[in-house]
**Student:** 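Can you keep this structure in mind? I'll have questions shortly.
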Amino acid sequence: MGLFGFFSKEKKETLDKGLSKTKEGVFSKLARVVAGKSKVDDDILDDLEEVLITSDVGVETTLRIIERIEKRVERDKYVSTGELKGMLREEIAALLTENNYETEGEFTVPENKRPYVIMVVGVNGVGKTTTIGKLAYQYKKNGNKVYLGAADTFRAAAVEQLVIWGERVGVPVVKQKMGADPASVAFDTLSSAKANDADVVIIDTAGRLHNKISLMNELSKIKKVMDKVVPGAPHEVLLVLDGSTGQNAFEQAKQFTAATEVNALAITKLDGTAKGGVVIGISDQFKTPVKYIGLGEGMEDLQVFHRKEFVDSLFGDE
């Protein structure tokens, strides 16, 4: 689906603006690498490697990209520095194609999965609750009945924040008292959602990583309880990562994918940072689809990730 389908001009402008610092950072470094040189050689490829690593693409992914470009340079014998940007664009697009799926529709619910249950995980401070609020808004805007579950019962602020988002969006929030069993909150939320013919249920969970075993046990318990109420739930385990933290986001992805079966990623706070390369590296290393990207504070600034438009915005439409 191209830019003029459901990817509107407004969304493209938001994406361009959100990735502008990353684009500027990568290509100002790239311009310095090729300045005064006409042919791509080993020195330029070494410098390109450094450009990608310092742009938070990650070491493993950078080495894969460099290896692919090296093969092309060897095959073509003479590659001008003017061709390097195009090659880099093609190889990044190819990597994202391998590791992502294109979603069937924007914030739509599969017909055979109602209510569609999303369990959201991630450390505190990454924009987890804000992402849930924006997801609820987008699903509701698409005509879906949405329920939220405040299962991060260890922080009063988390419950309060979710309740505020619920009021803002106009969707019910199921909560219990502070310190209640998170699995019990999930049970109540799904039971209410089923009884009221909800289309989408989004469950917030505690963002603690200091003890991976207890986190694993807690998330497993929540999932088991959900499955009893809605067989097959949760359908989506969404890990929220803060893109502006760069390499720290890689570490969090490693910890959470070890603790639970994450099958979708949301990378937030890409606006205002030059670390947008993290989207490429995380997608490649964890083989988990990046489903959403956060590009600002507004309700509309959480976008479904489209690899073609992402690459277009990163490199400039050509």
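Source: prediction; values computed, not measured.
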**Student:** Any heavy-atom pair between the side chains of W165 and V173 that's under 4.5 Å?
**Tutor:**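 Heavy-atom side-chain distance check fails, nothing below 4.5 Å.
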**Student:** For the pair R64 and E67, find out whether any cationic side-chain nitrogen is under 4.0 Å from an anionic carboxylate oxygen.
**Tutor:**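 Salt bridge between R64 and E67, a charged N being under 4.0 Å from a carboxylate O: no.
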**Student:** Could you check whether any side-chain N or O of E236 sits under 3.5 Å from a backbone N or O of A264, counting only pairs where one atom can act as donor and the other as acceptor?
**Tutor:**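 Checking the backbone N and O of A264 against the side chain of E236, no donor-acceptor pair under 3.5 Å is found.
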**Student:** Measure centre to centre between the rings of Y137 and F107, then say whether the value is under 6.0 Å.
**Tutor:** no
**Student:** Take K287 and D284 through the salt bridge (charged side-chain N to carboxylate O under 4.0 Å, His left out) test and state the conclusion after the steps.
**Tutor:** CA-CA 6 Å; K287 309 301 180 198; D284 178 49; 3.3 Å; yes
**Student:** If you measure only the distance, is there a donor-acceptor pair under 3.5 Å linking the side chains of T14 and E300?
**Tutor:**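 Short answer, no.
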**Student:** If we ignore angles and hydrogens, is there a donor and acceptor under 3.5 Å between the side chains of S313 and D16?
**Tutor:**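 Present: a donor and an acceptor within the cut-off.
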**Student:** Donor-acceptor pair, T245 side chain versus D242 backbone, under 3.5 Å?
**Tutor:** yes
**Student:** Validate the cation-pi geometry between K85 and F27: distance from NZ or CZ to the six-membered ring centre under 6.0 Å, angle to the ring axis within 45°.
**Tutor:**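 Yes, cation above the ring, under 6.0 Å and within 45°.
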**Student:** Check the pair D312 / R89 against salt bridge (charged side-chain N to carboxylate O under 4.0 Å, His left out), numbers first and verdict last.
**Tutor:** CA-CA 9 Å; D312 283 347; R89 176 187 185 134; 2.4 Å; yes
**Student:** Do L30 and L48 have side-chain heavy atoms sitting under 4.5 Å apart?
**Tutor:** yes
**Student:** Of the options V109, V169, V171, which is the one that meets Y139 in a side chain to side chain contact (heavy atoms under 4.5 Å, CB included)?
**Tutor:** V109
**Student:** For A198, does its backbone N or O pair with a side-chain atom of N196 as donor and acceptor, under 3.5 Å?
**Tutor:**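 Side chain of N196 to backbone of A198, a donor-acceptor pair under 3.5 Å: no, none is there.
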**Student:** Without hydrogens or angle criteria, can the side chains of Q255 and E251 be said to hold a donor-acceptor pair below 3.5 Å?
**Tutor:** yes
**Student:** With D199, which of K145, K113, R114 fulfils side chain to side chain donor-acceptor pair (under 3.5 Å)?
**Tutor:**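 It is R114, the one option of K145, K113, R114 that forms the side chain to side chain donor-acceptor pair (under 3.5 Å) with D199.
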